Amino acid sequence: MKIYNTLTAKKEEFIPLSQGKVKMYVCGVTVYDYCHIGHARSAVVFDVINRYLRYKGYDVIFVKNFTDLDDKIINKAKQEGVSWDTVARKYTDEYYKDMDVLRVGKPDLEPKATEHIEDMIEIIKVLIDKGYAYELDGSVYFEVGKFLEYGKLSKRNTEELIAGARIEVDERKKNPMDFALWKRSKEGEPAWDSPWGAGRPGWHIECSAMSIKHLGDEIDIHGGGADLIFPHHENEIAQSESFTGKPFAKYWVHNGFITINREKMSKSLGNFFTVKEILDKFDPEVLRLFLLSTHYRSPIEFSDDQLRETEISLDRYYSTILRVNSFLEECKIDRISGKTQNAFETNVSQVKKRFEEAMDDDFNTALALGHIFEFMREINRFIDSKPSGMKVKELLQRSKEVLSEFGGVLNIFVRTPEEWYRSLISVKKIGLSEKDIDEKIKVRQDARKKRQWDVADRIRKELEEKGVILEDKEVRTDWRVRVGV
RNA sequence: GGCGGCGUACCCAAGUGGCUAAGGGAGAGGUCUGCAAAACCUUUAUGCAGCGGUUCGAAUCCGCUCGCCGCCUCCA
């Protein structure tokens with residue numbers, strides 16, 4: 001299995017520190033607002049990485065933190081006139097709601113910054129003792145010049161950084177790039193006691209403290225959005241490696257951004273969509289599939305049109321399954337058919353290998369999905385060939401199992417076609433119940449038996465206008481909800 | 001200014017040295033069907049931003065040019 005490592009800027013063979021075990025830490029969200037789809041992308045990407053590692057048999061410990069103490073939370077609290085921890089709690093709850101509907105699994109541990117203040121203070125103390133940090137008027141700074149490898153992750157040297165620095169320079173700092181480990185709290189801000197007086201931790205130290213505490217000095221994978229590479233992850237490396245004297249993380253994994261009109265989606269530009277906004281118009285599985293249909297490191301251009309296309313793709317999956325199910329119910333067992341079956345059997349046994357090859361290559365979900373859709377065409381082609389015989393049922397059963405196995409890794413394709421269409425009835429605001437539709441179908445079937453085509457066509461058209469499409473099969477009529485509109 | 005990435009069909013998107021350049025959507029034609037829908041089949045890039053170079057061989061490596069974007073400040 002290969003993983004692209006930001007640290008070496010190369011795809012590398014994945015060899016965990018301890019055989020068969022993977023320790024993974026991912027930077028989670030700062031809980032000061034609703035999740036936007038960029039947060040969703042990161043969450044979904046690392047959820048899939050976690051699932052695939054487990055699928056491959058690794059014993060994974062996955063830690064993802066909550067930043068529940070930060071300037072943005074404090075500002076939000078001021079705006080809303082509530083306490084900062086009320087803000088943190090509210091948006092933590094909202095985060096969980098969004099993750100649940102997106103079927104993002106829970107990490108093994110979800111530590112919070114506020115629960116690790118003591119751990120952070122301990123690390124800061126050691127960094128001062130070791131000469132990597134200095135106190136200045138109740139705050140503590142990390143001295144970047146003392147960590148010779150500073151810039152190794154983001155491929156920068158300190159002179160360049162200073163030259164291009166846009167940050168406001170505190171003249172008293174030894175070096176403009178030195179960053180806060182501990183900040184003296186101002187009046188009205190949350191504060192904890194420390195050897196340097198009342199204060200609160202800087203942003204970067206929390207992840208070092210939580211990663212080291214829960215996973216140890218050295219871990220296998222450290223992940224997050226590409227915008228965390230600098231300064232957050234660079235600073236984490238500096239602090240952690242100065243503290244432990246060991247390499248902090250072996251593989252650094254970063255997901256790409258979502259763009260809108262080719263620009264990075266961001267809160268400051270105001271061009272963002274929250275997860276909730278999208279789910280008002282689309283089924284959550286559509287968003288999840290959309291996020292996985294591009295490689296995780298590439299930018300994804302977001303638009304409603306793209307989601308509509310994804311919706312059509314997903315519908316292709318469910319309508320294929322619906323078709324397989326119908327076929328299995330009506331399937332007659334008699335003679336064994338020949339060539340098409342052999343060809344299909346080969347496909348069934350090969351698709352798993354293809355899926356794993358794709359995923360082994362730096363979690364190439366886009367390619368993996370390509371194989372899955374190709375396989376679905378094979379299934380449809382097989383059914384079109386009107387196969388018969390004992391083996392047919394078994395092959396189709398196995399095909400469904402293979403698809404749900406892949407679905408388990410990507411955590412899509414987890415519902416029945418019926419559940420999918422039921423969801424679409426409400427997402428697309430069809431305004432009919434399943435019962436209504438079934439009744440209309442029944443009336444229409446009677447008309448069809450009597451060859452009253454005008455009556456049958458009228459009912460079909462009436463349903464179509466509401467977004468329900470009918471499909472006449474040999475012995476029954478199935479319905480679907482129209483997608484992609 | 002420094003560093004990095006991207007440019008593959010009408011749209012989205014895999015592919016980073018070697019069989020006919022995956023897959024999805026859209027379009028056109030066909031099979032099936034009472035008619036449809038779905039499905040399937042055929043078709044849509046002698047070419048991968050442009051120009052040079054390396055090589056027996058390049059979308060894939062190297063150089064230059066053009067265009068777009070990101071990071072260097074909080075950010076998933």
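Note on naming: letters A, B, ... go to the chains in the order of the sequence lines (proteins, then strands), and numbering restarts at 1 for each one. Note that this is a predicted model, so its numbers are computed, not measured.
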Open item on the list: Between the side chains of A/R156 and A/E234, is the shortest nitrogen-to-carboxylate-oxygen separation below 4.0 Å, so that they form an ion pair?
Closed with: no
Taking B/rA39, B/rA38, B/rC35 as options, the one with an atom nearest any side-chain atom of A/D457 is B/rC35
Tell me if the side-chain of A/N364 makes a donor-acceptor pair with the base of B/rG15, cut-off 3.5 Å, by modelled atom types. no
Margin query: Categorize A/K473 for me: base, sugar-phosphate, or nothing, with a 4.0 angstrom heavy-atom threshold over every strand shown.
Written below: nothing
Worksheet item: Contact class for A/R451 (heavy atom, under 4.0 Å): base, sugar-phosphate, or nothing?
Response: nothing
Angle between ring planes, A/Y251 versus A/F14, binned at 30° and 60°: parallel, tilted or perpendicular?
tilted
Checking B/rA37, B/rC71, B/rG70 against the side chain of A/E263 (C-beta onward), the nearest is B/rG70
Query raised in the report: Under 4.0 angstrom, heavy atoms only, what part of the nucleic acid is A/K264 near: base, sugar-phosphate, or nothing?
Result: base
Closest to the side chain of A/N380, out of B/rA14, B/rA37, B/rC40, is B/rC40
Testing B/rC3, B/rC11, B/rA38 for proximity to the side chain of A/K155, the answer is B/rC3
The nucleotide from B/rC41, B/rG25, B/rG34 with an atom nearest the side chain of A/R381 is B/rC41
Quiz item: Taking N and O atoms by type only, does the side chain of A/R41 place a donor or acceptor under 3.5 Å from a partner on the base of B/rA76?
Solution: no
- Item | Sugar-phosphate, base or nothing in reach of A/L470, heavy atoms under 4.0 Å | base
Checklist entry - Across the strands shown, which category fits A/E471 at heavy-atom distances under 4.0 angstrom: base, sugar-phosphate, nothing? => result base
Q: Answer with base, sugar-phosphate or nothing: what part of the nucleic acid does A/G256 contact at a heavy-atom distance below 4.0 Å?
A: base
Sugar-phosphate, base or nothing in reach of A/R308, heavy atoms under 4.0 Å: nothing
From the candidates B/rG34, B/rA14, B/rA76, the one with an atom nearest any side-chain atom of A/A366 is B/rA14
Pairing string of RNA chain B (Watson-Crick or G-U wobble, both atom distances under 3.5 Å; | = paired to other strand) is ((((((((.[[[..)..(....]]]((((((.......))))))....[[[[[..)....]]]]])))))))....
Charged N to carboxylate O below 4.0 Å: is that the case for A/D472 and A/R444? yes
A/F230 has its side chain closest, among B/rC72, B/rA13, B/rC35, to B/rC72
Heavy atoms under 4.0 Å, any strand shown: does A/S319 hit a base, just sugar-phosphate, or nothing? nothing
Among B/rA14, B/rG70, B/rC35, the one nearest any side-chain atom of A/D472 is B/rC35
note: A/Q445, atom CD; B/rG34, atom P; distance rounded to Å ~ 13 Å
| message | So that I can tick it off, tell me whether A/E94 and A/K97 are bridged by a salt bridge, with the cut-off set at under 4.0 angstrom between side-chain N and carboxylate O. | response | yes
Sequence neighbours excluded, the answer for salt bridge (Lys or Arg N to Asp or Glu O under 4.0 Å) partners of A/R288 is A/D47
Using a 4.0 Å heavy-atom cut-off across all strands, classify A/H254 as base, sugar-phosphate, or nothing.
nothing
TODO: Look at the side-chain N and O atoms of A/R377 and state whether any lies under 4.0 Å from the OP1 or OP2 oxygen of B/rG23.
DONE: yes
Whichever of A/D361 and A/S42 has the more 5' nearest nucleotide on RNA chain B, that residue is A/D361
Assert: residue with more 5' nearest nucleotide on RNA chain B, out of A/T259 and A/A226, is A/T259
Rounding to 0.5 Å, atoms CD1 (A/I372) and CG (A/L289) come to a distance of 9.0 Å
Quiz item: How is A/R458 classified with respect to the nucleic acid when contacts are heavy atoms under 4.0 Å: base, sugar-phosphate, or nothing?
Solution: nothing
Those residues at least two apart in sequence (or on a different chain) that pass salt bridge (Lys or Arg N to Asp or Glu O under 4.0 Å) with A/K2 are none
ask   = Contact class for A/I258 (heavy atom, under 4.0 Å): base, sugar-phosphate, or nothing?
value = base
Please determine whether a side-chain nitrogen or oxygen atom of A/R460 lies at a distance below 4.0 Å from atom OP1 or OP2 of B/rA38.
no
- [ ] Take A/Y25 and A/H222, measure what ring-ring contact (aromatic ring centres under 6.0 Å, His included) needs, and give me the verdict at the end.
- [x] CA-CA 5 Å; A/Y25 184 99; A/H222 193 118; 5.0 Å; yes
Cation-aromatic face contact A/R297/A/Y4, 6.0 Å, 45 degrees: yes
Side-chain contact check for A/L228: nearest option of B/rA76, B/rC35, B/rG23 is B/rA76
Q.
So A/G225, base contact, sugar-phosphate only, or nothing? Heavy-atom distance under 4.0 Å.
A. sugar-phosphate
Discussion item. Would A/F257 count as stacking on B/rG70 if stacking means ring centres less than 5.5 angstrom apart and planes tilted under 30 degrees?
Written reply: no
Of the listed B/rC40, B/rA22, B/rA37, the closest approach to the A/E374 side chain comes from B/rA22
- Query: Can you find a donor-acceptor pair, distance only, under 3.5 Å between A/E309 side chain and B/rG24 base?
  - Reply: yes
